[in-house]
Amino acid sequence: SRPAAVHFVGGAHWPIWVNGTPTTLLHDVFSRLYPSVSERLLGSIELLFQIGGAYENRLLSLRGSGFRSYVRFVGSVLCLRCTLGSADRECAYVSSWTSPPCGDLAIVLLVLGQAV
């Protein structure tokens, strides 16, 4: 029999940015092997809270365009943190304001700068 999942030790859990989207090596391998299952399991953003094992409340669930909008927002936050001097290891993917995660924030700041 085959295992349900393979555990990658080390850097496979660390976030990387590919084509403007945060991912991990583990997620990439799973997505290549099982694209439709990967989309169903990992293609969403969910915010929920749970009290013990008896109570759970979903506050937010995003898929499709909502998922993409949230990823763009996260990229803008990462861009702001990194350009202000954060030492976070994800800052390796934000070398300048022209880096993919910075696209939306750079446009907003440009428009605001023109409006002032």
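Sequential numbering from 1 along the given sequence is applied to the chain's residues.
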Do [X] and [Y] have side-chain heavy atoms sitting under 4.5 Å apart?
X	Y	answer
Leu60	Glu46	no
Val77	Leu105	no
Trp14	Arg89	yes
Ser61	Ile45	no
Leu33	Val29	yes

I'd like to check the side chain to side chain contact (heavy atoms under 4.5 Å, CB included) partners of Asn19; sequence neighbours left out, ordered by chain and number.
none
[X]-[Y] co-clustered via ILVMFWY side chain contacts under 4.5 Å:
X	Y	answer
Leu78	Val108	no
Val18	Val74	yes
Ile107	Leu109	no
Leu62	Leu48	no
Leu80	Tyr70	no

Closest approach of [X] to [Y] (non-hydrogen atoms, all atoms of both residues):
X	Y	answer
Trp97	Ala106	O-CB, 4.0 Å
Cys79	Val94	CA-CG1, 4.1 Å
Ile16	Asp28	CD1-OD2, 4.1 Å

Atom CD of Gln114: over 12 foreign heavy atoms under 6.0 Å
no
Would you say that more than 12 heavy atoms from the other residues, nucleotides or ligands in this model lie under 6.0 Å from the CZ of Arg72, or not?
no
What pairs with Glu90 under side chain to side chain donor-acceptor pair (under 3.5 Å), at least two apart in sequence or on another chain?
Trp17
Can you list everything that forms a side chain to side chain donor-acceptor pair (under 3.5 Å) with Ser96? Sequence neighbours excluded, please.
Thr98
If I take atom CD1 from residue Ile51 and atom CZ from residue Phe49, how far apart are they, to the nearest 0.5 angstrom?
5.5 Å
How many angstroms lie between CZ in Phe30 and OG1 in Thr23, if you round to the nearest 0.5 Å?
12.0 Å
Give the C-alpha distance, both sets of side-chain angles, the deciding distance and a yes or no for side-chain contact (heavy atoms from CB on, under 4.5 Å) between Leu59 and Leu47.
CA-CA 5 Å; Leu59 302 174; Leu47 177 63; 4.2 Å; yes
Without swapping roles, check the side chain of [X] against the backbone of [Y] for a donor-acceptor pair under 3.5 Å.
X	Y	value
Arg68	Arg63	no
Ser99	Pro101	no
Thr24	His27	yes

Kindly indicate, with the supporting measurements, whether the criterion side-chain contact (heavy atoms from CB on, under 4.5 Å) is fulfilled by Phe73 and Asp104.
CA-CA 8 Å; Phe73 172 74; Asp104 293 325; over 6 Å; no
